[in-house]
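Values in this document were obtained by computation on a predicted structure and should not be read as measured data.
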Amino acid sequence: VQLQASGGGVVQPGGSLRLSCAASGFSLENYAIGWFRQAPGKEREGISCHSSFDDSTWTADSVKGRFSISRENAKNTVYLQMNSLKPEDTAVYYCAGISRRFAAYGCYAPMGLFEYWGQGTLVTVSS
């Protein structure tokens, strides 16, 4: 059971990146998948989440209108499309999954309840 985050890189302010979170060993259709990020010297924060339990989506105010989450069940992958990137978006981005046993929480589950974590992918926004 594994989540693999990828797609990070260096991009100029105003640019775009698409991060991928691919699952192996289990089906993402049975999980809510969240994207989190941790900037240097800061705590990890939730960015966006999609719940397969009720097909709901949550996005943090700091990225609303710029980032969007989607999933492609055929590829067992969840994406985070990031547009209009800013230097303050620089961070290591992680994806994480929470199973149906926590369906009552869905995307509002505390970070500590997310059961599976990807290894992180670094996004650097710099000119």
| task | Hey, could you give me the OG/CD distance between Ser24 and Gln4, rounded to the nearest 0.5 Å? | result | 8.0 Å
| message | Measuring from atom CH2 of Trp35 to atom OH of Tyr93, what distance do you get when rounded to the nearest 0.5 angstrom? | response | 10.0 Å
| field | Audit row: Leu28, Ile33, side chain to side chain contact (heavy atoms under 4.5 Å, CB included) steps and yes/no | value | CA-CA 8 Å; Leu28 288 181; Ile33 299 297; 3.3 Å; yes
| said: Between Tyr79 and Glu72, do the side chains contain a donor N or O and an acceptor N or O under 3.5 Å apart? | reply: yes
| query | Is there side-chain contact between Ser62 and Glu88, with at least one heavy-atom pair below 4.5 Å? | reply | no
| Do the ring centers of Trp117 and Phe36 come within less than 6.0 Å of each other? | yes
| task | Would you name the heavy atoms of Ile47 and Arg37 that are closest together and state the gap between them? | result | CD1-NE, 3.2 Å
| query | If every non-hydrogen atom of Ser48 is compared with every non-hydrogen atom of Leu80, which pair is closest and at what distance? | reply | CB-CD1, 4.1 Å
| Which atoms form the tightest heavy-atom contact between Arg44 and Met111, and what is the distance? | O-CE, 3.4 Å
| task | Output all residues satisfying side chain to side chain contact (heavy atoms under 4.5 Å, CB included) with Glu115, sequence neighbours left out; order by chain, then residue number. | result | Tyr31, Ile98, Ser99, Arg101, Phe102
| remark: Tightest non-hydrogen contact, residues Ser16 and Ser84, listed as OG-N, 4.3 Å
| task | Please step through side chain to side chain contact (heavy atoms under 4.5 Å, CB included) for the pair Ser27 and Asn76, ending with a clear verdict. | result | CA-CA 6 Å; Ser27 172; Asn76 214 23; 4.2 Å; yes
| Between Glu45 and Gln38, is there a donor-acceptor pair closer than 3.5 Å when you use the side chain of the first and the backbone of the second? | no
| Are the charged groups of Lys64 and Asp61 less than 4.0 angstrom apart, N to O? | yes
| query | Does the side chain of Leu3 reach to within under 4.5 Å of the side chain of Phe26, using non-hydrogen atoms? | reply | yes
| said: Surrounding OH of Tyr105 (heavy atoms of other residues, nucleotides or ligands, distance under 6.0 Å), is the total greater than 12? | reply: no
| Yes or no on side chain to side chain contact (heavy atoms under 4.5 Å, CB included) for Thr57 and Ile69, after CA distance, side-chain angles and deciding distance? | CA-CA 8 Å; Thr57 298; Ile69 191 170; 3.4 Å; yes
| Mind checking what makes side chain to side chain donor-acceptor pair (under 3.5 Å) contact with Gln81, not counting sequence neighbours? | Asn83
| Any side-chain heavy-atom pair of Gln2 and Tyr116 under 4.5 Å | no
| field | CA sep, side-chain torsions, deciding dist, call: Leu17, Leu85, side chain to side chain contact (heavy atoms under 4.5 Å, CB included) | value | CA-CA 8 Å; Leu17 281 175; Leu85 282 161; 4.3 Å; yes
| message | Can you confirm whether Pro87 sits close enough to Ser126 that some side-chain heavy atom of one is under 4.5 Å from a side-chain heavy atom of the other? | response | no
| field | Separation of Arg66 CZ from Thr59 OG1 (nearest 0.5 Å) | value | 11.5 Å
| said: Counting C-beta onward and ignoring hydrogens, is there a side-chain heavy-atom pair between Val11 and Thr124 closer than 4.5 Å? | reply: no
| message | If I take atom OG from residue Ser52 and atom CZ from residue Arg71, how far apart are they, to the nearest 0.5 angstrom? | response | 5.0 Å
| task | Please report the closest heavy-atom contact between Cys107 and Ser56, naming both atoms and the distance. | result | SG-O, 4.4 Å
| message | For a quick test of reading the model, state the closest non-hydrogen atom pair linking Arg100 to Phe53 and the distance between them. | response | CG-CE2, 3.3 Å
| request: Please round to the nearest 0.5 Å and tell me the distance separating atom CZ of Arg18 and atom CE of Met82. | output: 11.5 Å
| field | Side chain to side chain, Val125 and Val10, heavy atoms closer than 4.5 Å | value | no
| query | Is the count of non-hydrogen atoms from other residues, nucleotides or ligands lying under 6.0 Å from Glu43 atom CD greater than 12? | reply | no
| Approximate separation, where rounding is to 0.5 Å, of His50 NE2 and Ser70 OG | 9.0 Å
